[in-house]
Amino acid sequence: MAEHNASIAETFRHVADLLEIEGANPFRIRAYRRAAQTVEDLPQSAAKMVADGKTLAGLPGIGKDLAGKITEIVNTGRLGALAEIEARTPTTLAALTAVPGLGPKRVHRLHEAFGIKTLKDLERAARKHKIRELRGFTAKTEEKILAEIERSQAREQRFKIATAEDFAQTLCTYLQADPRIGRVVVAGSYRRRKETVGDLDILVTCAKGQAAVNHFLAYDEIAKIVAKGSTRATVILRSGIQVDLRVVPAKSYGAALHYFTGSKSHNIAIRKIGQARGLKINEYGIFRDGTRIGGRTEEEIFAAVGLPYIEPELREDRGEIQAAFDGQLPKLISLEDIRGDLHVHTKASDGKSSLREMVEAARARGYEYVAITDHTKHATVARGLDEKRLAKQLDEIGKLSEDFDDIRILKSSEVDILADGKLDLSDSMLKRLDVVVAAVHYKFELDAQKQTERMLRAMDNKYVSILAHPSGRLLGEREAYPVDLERVIEGARDRGVALELNSHPARLDLDEVHCKLAKELGVKLVISTDAHSTFGLDTMRFGIGQARRAWLERKDVLNTRPWARLKKAIAR
DNA sequence: GCCGTTTTCGGCCCGACTGTTTTCAGTCG
């Protein structure tokens, strides 16, 4: 079984964690982490690259040594260097640094002094009041450790972007209500539109930092204050989400926003360039020889290092800085580019709104077309339509269309892909549709080869225009089913099928890495909502966010085109 | 361990908060 990029990345991160506990050179540790990120962001399989004899050295942060280690992992399934480290430092120690307040240094000392290797050992030692014997540890530390272990199940969770947005907006409204506070913006991975966020990073401007912090700390949804100072504070809300507040004066807004938006690796890269130009860049501004020379806007930060503005969604140190240097930044797709939704349900299957309501809601969003894609009969729990009911719906669409001259109602279906790759509708019925969306909804347990062939076979059907939610993942609930997405993407390219980026906040499927790969391989995408109610149409923004993270431009996405051009593009 | 707008060695981003270390190390982002 070929090593996945994710498992190679995990191995490197594990090495980094253990080296950190051993007190190794911090830059060596960072090198492993950086390489892990590069491998994880790689659109192709590193294992395949190795097999094809392609060199990995030269990729960002990967030199000769780490390229060799990747080859070793791919070829042997293990890493000798990791085994050597594990012989000295128990592998379980890495997990202990996840306890807030415990970093590598303290974990190392706890292991040295008491042989603590696991969370259980740690808990036992804290209960026996052993830990306070150590210099720098007190009874209070023990209490804190026990409290954190108690909460450890609740922690570590990430929140879907839509959920985070809900918490963030309420809090921002509250913060904005204080007249002393100027701007309020959510930065961090939220601003970069990641599919999930671990915490909320909120930046506000205020002449008096303490005033803003005090107002923040009075927010009634706060369950716990973790840290507080005169310019920043960290709290946990009752919902369990952590919020970091940072206050800066207005003149530092741009510098702080850039710093607080991240990503960390992007910031490091930018500051490094600044350093080479004799500049110091921090969250307060840009400095030359101790003199402030800018920082009011993000544009000033980029300009200081000779770059054009880089959109937040691109700031992952995945090549955006080089692209900016070369004048090759993509012109990212935006919500305004979208002309229609190609995946919506109605009451006829498992939707909550009527056909007319969905059409009116689509028109209200300024769309030129909307595809009605109810489930087919195999999806019994969703009350999927058999051919008779679908025929009836097509008649209804025909009639309803007479009432709308400014939006086209596309006859469509989210047709089930059966276990053998056949479709749940006859060709004669598929032929009557304007656009056919095919999707897998059951038999997730097939092995990767069978699942891949099933999907390729479905795309063999010449009436299929779009493959919906190709991986089947549900964030926080269900992993993608085993499937070779690279082959599916290549298969879509060879057959002229478009792939869906499903905007539902729990799906966001295809994921960003594979969206980018699809683009690079010349496969067109569509961004659809899979709306099951009129409100569901508004989730388009999450799909757009992810598309932007995947460097997608308007031309890469078919539902930015008027219907006549879209129709031509999906014709096979 | 990587890497070159100080280029093959000597650097590697930068600052806030916590605790009890009275001057800073550890942790975090």
Side-chain angles (χ1 to χ4, degrees), chain A residues 12 15-16 19-21 23-38 56-70 81 96-110 132 134-144 148 187-189 197-203 209-210 213 225-235 242-248 252 255-256 258-287 295 301 304-307 317 321-322 325:
Chain A
F12 279 176
V15 170
L19 284 176
E20 199 168 30
I21 290 166
N25 177 349
F27 301 104
R28 187 170 162 228
I29 293 161
R30 186 194 287 171
Y32 275 98
R33 296 221 166 101
R34 172 142 165 72
Q37 192 62 55
T38 294
L56 288 146
L59 290 168
I62 297 178
K64 222 168 137 190
D65 182 274
L66 288 177
K69 288 192 164 78
I70 292 171
L96 294 183
T97 59
V99 177
L102 284 193
K105 297 279 197 305
R106 303 181 106 185
V107 166
H108 180 74
R109 290 185 54 211
L110 288 167
R132 64 182 68 172
L134 240 49
R135 219 172 69 89
F137 291 80
T138 63
K140 215 170 157 187
T141 325
E142 285 173 351
E143 275 171 39
K144 188 161 180 256
E148 293 294 354
S189 52
V197 304
D199 58 15
L200 290 174
D201 300 309
I202 299 188
L203 173 69
Q210 193 67 61
V213 170
I225 296 172
V226 178
K228 57 179 187 209
S230 60
T231 63
R232 64 181 301 173
T234 298
V235 305
Q242 177 172 311
V243 183
D244 295 326
L245 180 87
R246 191 69 198 261
V247 192
V248 296
S252 297
H258 180 260
Y259 155 76
F260 223 24
T261 296
S263 69
K264 195 171 168 173
S265 52
H266 168 91
N267 287 354
I268 289 173
I270 292 287
R271 289 176 181 195
K272 231 167 116 176
I273 300 169
Q275 204 179 39
R277 295 178 158 226
L279 302 171
K280 185 173 75 166
I281 298 171
N282 60 27
E283 58 264 54
Y284 298 110
I286 309 158
F287 301 85
I301 302 292
V305 292
L307 296 177
D317 195 21
I321 292 172
Q322 192 57 49
F325 263 125

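Sequence lines set the chain letters: A, B, ... in the order given, protein chains first and strands last, and positions in each chain run from 1.
The backbone N or O of Gly285(A) sits less than 3.5 Å from a side-chain atom of Asn282(A), completing a donor-acceptor pair. A distance-only check finds no donor-acceptor pair linking the side chain of Arg28(A) to the backbone of Ala16(A) [under 3.5 Å].
Between Ile286(A) and Ala304(A), the shortest heavy-atom contact is CD1-CB, 3.7 Å. Closest approach of Gly63(A) to Ala57(A), counting heavy atoms only: O-CB, 3.8 Å. Scanning all heavy atoms of the two residues, the minimum distance from Ser263(A) to Asp317(A) falls at OG-N, 4.5 Å.
Proximity of Thr231(A) to the phosphate of dC17(B): a side-chain N or O atom is located under 4.0 Å from OP1 or OP2. Arg28(A) has a side-chain polar atom (N or O) that falls below the 4.0 Å cut-off from OP1 or OP2 of dG1(B). Phosphate proximity of dC28(B) to Lys264(A): absent, as no side-chain N or O sits under 4.0 Å from OP1 or OP2. Checking the phosphate oxygens (OP1, OP2) of dA16(B), no side-chain nitrogen or oxygen of Tyr259(A) falls inside 4.0 Å. When the side-chain nitrogen and oxygen atoms of Asn282(A) are compared with OP1 and OP2 of dG15(B), one or more of them lie within a distance under 4.0 Å. The side chain of Gln275(A) contributes no N or O atom lying less than 4.0 Å from OP1 or OP2 of dG11(B).
Along DNA chain B, the nucleotide nearest to Tyr32(A) and the one nearest to Ala276(A) differ in position, and the one closer to the 5' end is contacted by Tyr32(A). Positionally, the nearest nucleotide of DNA chain B for Pro60(A) lies more toward the 5' end than for the other of Pro60(A) and Arg277(A).
Side-chain atoms of Asp199(A) stay outside donor-acceptor range of the base of dG29(B), with no qualifying N/O pair under 3.5 Å.
Side-chain proximity of Lys69(A) to dC13(B), dA16(B), dG1(B): nearest is dG1(B). The Arg30(A) side chain lies nearest to dC13(B) when the options are dG1(B), dG29(B), dC13(B). For Ser230(A), the listed nucleotide lying nearest its side chain is dC17(B); candidates were dA16(B), dC14(B), dC17(B). For Lys228(A), counting side-chain heavy atoms from C-beta on, the closest listed nucleotide (dT18(B), dC13(B), dG1(B)) is dT18(B). Nearest to the side-chain atoms of Phe27(A) among the listed nucleotides dG1(B), dT6(B), dG15(B) stands dG1(B). Proximity note for Lys140(A) (side chain, C-beta onward) versus dG15(B), dG19(B), dG29(B): the nearest is dG19(B). The Lys105(A) side chain lies nearest to dT27(B) when the options are dC14(B), dT27(B), dC2(B). When each of dG15(B), dT5(B), dG1(B) is scored by its nearest atom to the side-chain atoms of Arg246(A), the top-ranked nucleotide is dG15(B). Ranking dC13(B), dA16(B), dC17(B) by closeness to the Ala227(A) side chain, first place goes to dC17(B). Which of dG29(B), dG15(B), dC13(B) sits closest to the side chain of Glu283(A) comes down to dG15(B).
Remark: dG26(B) base-pairs with dC17(B). Criterion, Watson-Crick or G-U wobble with two distances under 3.5 Å.
Nucleotides dC13(B) and dG19(B), compared at atom C1', are 25 Å apart to the nearest Å.
Distance, Arg34(A) CZ to dG11(B) P: 21 Å, rounded to whole Å.
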